[in-house]
2 protein chains.
Amino acid sequence: MMRRADRLAELVEILRDGRLHTARDLAAVLEVSERTIYRDMDTLAASGVPVEGERGVGYMMREPVFLPPLALSLIELEALALGMAIVGEAADPELQVAAESLLGKVEGHAAVRRRSPRKWGFGVYAFETARAGFVHMPLIRRAIRDGLVLRIAYRSIAEEVTERDIRPLQTEYWGRVWTCSAWCELRAGFRSFRIDRIEKCAETGRGFAPELGKTIEDYLAMSSTDPSAREDKVGILLR
Amino acid sequence: MMRRADRLAELVEILRDGRLHTARDLAAVLEVSERTIYRDMDTLAASGVPVEGERGVGYMMREPVFLPPLALSLIELEALALGMAIVGEAADPELQVAAESLLGKVEGHAAVRRRSPRKWGFGVYAFETARAGFVHMPLIRRAIRDGLVLRIAYRSIAEEVTERDIRPLQTEYWGRVWTCSAWCELRAGFRSFRIDRIEKCAETGRGFAPELGKTIEDYLAMSSTDPSAREDKVGILLR
DNA sequence: CATACAACTGACATATTTCGTCAGTTGAGT
DNA sequence: ACTCAACTGACGAAATATGTCAGTTGTATG
């Protein structure tokens, strides 16, 4: 029972690697006929999975997707709604849109009962400073994902502007501002940059691979050795 | 195609009302035999949906669940992960657990490719003040959901402690502290309480229904007429 | 205690869906 | 022209789902 549904899920799981797959290969892996694969592709496409096939080439997925589990509890739903509300308020437009769309899908699917006009018993109010520098965040996120070296113009607390190449490792949210931790090629060390103080930000065209002593793990290991560092940082970041 | 799957989804949709349903009624609505309903219930239970049947009584769902849509994009996944990270850091344990469990389900299901040890390129660091008063939040959330009057002991900024009955309407997250907006029966007006300053909090046993002039809509309509109110509030809340 | 109710279970025949096979067509690149 | 691989339609075989029937087993109620 349900073997078909399982196969569809596994198909998506395979296609998530973003690479090319022929129906023949998929049929071999899943131990069904090619015909079945073609039918499954129809089903997936009809369900909104962005899979595309090209004659003579194979199948690929436009963008990675994932299939969530099938049951969330009320409290998980509430956590989701709160999280999306915060993201919608405190993150850059790219993530805002995603958060809205995600919550929309969820609410749209849970369409039946509607207890009150205001469904979720909370509001989220972020600070203006969190919004400054949002323009750079999509690029920074992509740089973290794909390992791109960025060139930024940064205005320090002392109002001095420096231009430098950085290898972004992680962004941090402090409830009021966003920062980006990176390996700074100018200073040859780890630095954290308040994203609202980044004046320019562009790709250099160079990429970077994880390098001993320059990875996010190294950075986190370093910071965690000094227990006072975190509190200090908060103080500095938010004054 | 997929008629069975659709029926299962509709079954959950019906059971979401949290009330009692007999197999006979469900069979009538879905236009299948009772036997099929029993088989479907097996399937749902096997899929982790918390549905329980009691002989001689009927079927009920322990806690409301919902079935998410089947495809999320990468950026939506990232928004979800960020949201859950923030909730996990800045909300009370009940929501923390839910956020963790939700993200766990999602990641567990998307188990295959794992580009790097650190999957999400961000960290979230909340303030200690956000954590104070967390003990009361589950009760407050329930009171908002179910319309319960609460009796609280509140220590004002001036350090005066008052005891009062309130009708909680909404909680707000300000990036650093949580507040609860409520109709205050003592002052006969809307008040916002910093949750970390609530010393005691208990049910009164009384409930309340939406009442003209005392609803969350009235409150929001009122606050929005004064554009400066919000900024003031932030200043006060966060000093 | 008897009765009603409704969840459950097993068996078996029937209906429906799903799958494999085969025999094509189409479109793109070489 | 040729290859590759996505696509399509048809049809029978296999697997699955469903209805019917005939029970059993807890729970609640008079």
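Residue numbers start from 1 in every chain, and the chains themselves are labelled A, B, ... in the order their sequence lines are given, proteins ahead of strands.
- With sequence neighbours excluded, no residue forms a side-chain hydrogen bond (donor to acceptor under 3.5 Å, both in side chains) with Arg55(A).
- What separates CE of Met41(A) from C1' of dA6(D) is a distance of 10 Å, to the nearest Å.
- The distance from atom CD of Glu34(B) to atom P of dT18(D) is 15 Å, rounded to the nearest whole Å.
- Thr36(A) has a side-chain polar atom (N or O) that falls below the 4.0 Å cut-off from OP1 or OP2 of dG20(C).
- Nearest to the side-chain atoms of Val32(A) among the listed nucleotides dT8(D), dA11(C), dG20(C) stands dG20(C).
- Distances were taken from every side-chain heavy atom of Arg35(B) (C-beta onward) to each of dC19(C), dT18(D), dG19(D); the shortest belongs to dG19(D).
- Taking atom OH of residue Tyr38(B) and atom P of nucleotide dA22(D), one finds them 17 Å apart after rounding to whole Å.
- Ring orientation note: the planes of Tyr154(A) and Phe193(A) are nearly perpendicular, at an angle over 60° on the 30°/60° scale.
- Residue Tyr59(B) contributes atom OH, which lies 15 Å from atom C1' of dT27(D) at whole-angstrom precision.
- One atom, CZ of Arg4(B), and another, P of dG19(D), lie 12 Å apart when rounded to the nearest Å.
- Separating the CD atom in Glu34(B) from the CG atom in Asp25(B) is a distance of 9.0 Å, to the nearest 0.5 Å.
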Atom pairs under 3.5 Å, N or O on each side, protein against nucleotides 26-28 of chain C: can you list them with distances?
{"residue": "dT26(C)", "atom": "O2", "partner": "Arg55(A)", "partner atom": "NH1", "Å": "3.0"}
{"residue": "dG27(C)", "atom": "N2", "partner": "Gly56(A)", "partner atom": "N", "Å": "3.4"}

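- Residues passing the salt bridge (Lys or Arg N to Asp or Glu O under 4.0 Å) test with Glu211(A) are Arg167(A), Lys214(A), sequence neighbours excluded.
- Within the 4.0 Å cut-off from OP1 or OP2 of dA5(D), at least one side-chain nitrogen or oxygen of Arg24(A) is found.
- Across all non-hydrogen atoms, the minimal contact from Leu95(A) to Val87(A) is O-CG1, 3.9 Å.
- Atom CG of Leu8(B) and atom P of dT16(D) are 16 Å apart (whole Å).
- Rounded to whole Å, the distance from CD on Glu52(A) to C1' on dC7(D) is 15 Å.
- Proximity of a side-chain donor or acceptor of Thr204(B) to a complementary backbone N or O of Arg151(B) within less than 3.5 Å is not detected.
- Across the protein-nucleic acid pair, Met60(B) atom CE and dA7(C) atom P stand 14 Å apart, rounded to whole Å.
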Margin query: Go through it in stages, so that I can follow the logic: the residues are Arg7(B) and Glu31(B), the test is salt bridge (Lys or Arg N to Asp or Glu O under 4.0 Å), and I'd like the CA-CA distance, side-chain angles, deciding distance and then a yes or no.
Written below: CA-CA 10 Å; Arg7(B) 192 183 57 234; Glu31(B) 300 180 302; over 6 Å; no

